[in-house]
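A quick write-up on the structure given underneath.
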Amino acid sequence: MIDARLLRDDPESLREAQRRRGEDPSIVDALVAADERRRSTIAAFEALRSEQKSMGKQVAQAQGEEKQTLLARTKELSAQVKAADAEQTAAGEEFTTLLKALPNPAPDAPPGGEDDFVVLEEVGTPRDFAAEGFTPRDHLELGQLLGAIDVERGAKVSGSRFYFLTGVGAQLELALTQLAMSKAAEWGFTPIIPPALVKPQAMEGTGFLGQAADDVYHLEKDDLYLVGTSEVPLAAYHSDEILDGPRHYAAFSPCFRREAGSHGRDTRGIVRVHWFDKIEMFVYTSLEDSYAQHERILGFEKQWLDLLELPYRVIDVAAGDLGLSAVRKFDCEAWIPTQGKYREVSSASNCTQFQARRLDIRNRLDDGGTEPSATLNGTLCAMPRIIVALLENGQQADGSVRLPAALHPFLGEVLQPVGARA
RNA sequence: GGAGAUGUCGCAUAGUGGCCUAGUGCGCCCGCCUGCUAAGCGGGUUGAGGGUUAAACCUCUCGCGGGUUCAAAUCCCGCCAUCUCCGCCA
């Protein structure tokens, strides 16, 4: 959520921010009114409560008839305090509910919606398969030839959008994990393996129970949620804490997504699945430093794709396509030859203090005070999509796949087809 | 899953209904004193919210949430966490 003070100091900037995202500016005015209600009920409650406390002290000292008179008065006060408290609580809740629904202003993101992204750069050159004299196979066909991906049995065992990684497929994920984690450690990130099941507060605090709630798996019996990204446990990791300096984490975790709104899209292969493993970077820092950290995270994502020798581009996502918490998001998209386009493989978001306000995460300041931390997250390696990109971009005419040099120590230079088998 | 115990300021502890505006010690910060250091002396030291130009001031915060009461750290109920033992399990 945003800083509530902005509602009093500069509501017009918030209305403007709403327009930039293509959202309704009038909810800002509803919020201003709710804030006024909240504050006046607080003042009313506190005045009564203060009176109650001082009268309570007189009761303690009074004797006999005087005490009885006082008791009659305090009894009445007690009821008033109770009513004022209820009013205060209700007004506060109404205000908070509205406040949580207001997105983070994104003044630096390109205006517009999903298609209004700005391409920042293209790195590497997609291969020209026509010139090389063969038609590229898609990742699923290659995965089957290599004995790396088994979606039939994934569907048999778990349903559509599930898969088994087998043989070199499984080895590939383990190699990527090892390589990415050691890179991250080199860059100063603390490796983390977080829980993939979290309590409602963690899910709620990171904003995933709002507009994205349909995409989240919920275990009703235990009231636990399966995380769609380790951003959730990583953000909640320091909830209700005061930090004495920046933190950098890189987490490996499974991710679970219902993909509720994407029926019929990317149904072939493992581009869009209900479960996958991912390595995510997460940073806690100050607001001022967050912009530099955002560039730094993007830099690491690019280094990773360079290391894997994949052609990709970087886009600056438009304001209307950002989600609640981010003020700006850079996506890296790898070239997928059989689709003839770039597809998202990683994403770096700066959430400024928006997430930390909800989760109550603060930085200790030099003067002894506190301020909400800024949080940032970025994908380092989402396994299935990176595997898709590696297979399709590295393939050769005979169905074998040439790997980037960085993976040679783990898997050799070339993955060979294993031929037909049961 | 069963039984028991515990949860108070950064740490350690005191506190069994009003004198708690939560005491004391340690640690930490600021002064004073002092050849230096240590000791000693004085003051400060949870966080949030309301209020104010700024202050003053007020409210909340004793694991969390309810309740009883004029009044709750204190009594009652529920939950959570931790520890010990038993069971089960990787």
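Across all strands, A:R362 comes closer than 4.0 Å only to sugar-phosphate atoms, never to a base (heavy-atom distances). A:Q61 comes within contact range of no nucleotide atom at all, as no heavy-atom separation falls under 4.0 Å.
The same atom, C1', is picked in B:G63 and in B:C58; the two are 27 Å apart, to the nearest Å. Comparing B:G67 with B:G15, their P atoms sit 29 Å apart, to the nearest whole Å.
A donor-acceptor contact closer than 3.5 angstrom links the side chains of A:D85 and A:Q88. No donor-acceptor contact under 3.5 angstrom links the side chains of A:D277 and A:T177, judged on distance only.
Here the side chain of A:Q395 pairs a donor or acceptor atom with the backbone of A:R137 at under 3.5 angstrom. Remark: the backbone N or O of A:K100 is paired with a side-chain donor or acceptor of A:R358 at under 3.5 angstrom.
Heavy-atom distances under 4.0 Å link RNA chain B to A:S78, A:K82 of residues 77-95 of chain A, given in residue order.
For A:D266, the salt bridge (charged side-chain N to carboxylate O under 4.0 Å, His left out) partners are A:R272, A:R343, not counting sequence neighbours. Applying the salt bridge (charged side-chain N to carboxylate O under 4.0 Å, His left out) test to A:R38 and every residue at least two apart in sequence or in another chain returns A:D35. Under the salt bridge (charged side-chain N to carboxylate O under 4.0 Å, His left out) criterion, A:R73 pairs with A:E51, A:E76, not counting sequence neighbours. A:F330 pairs by the ring pair (Phe, Tyr, Trp, His ring centres under 6.0 Å) definition with A:H294, not counting sequence neighbours.
The span of RNA chain B lying next to chain A, judged by atoms under 4.0 Å from heavy atoms, is bounded 5' to 3' by B:G18 to B:A71.
If A:K199 and A:L71 are placed on RNA chain B by their nearest nucleotide, the residue sitting closer to the 5' end is A:L71. In this structure, A:R39 and A:K75 both approach RNA chain B, and ranking their closest nucleotides by distance from the 5' end singles out A:R39.
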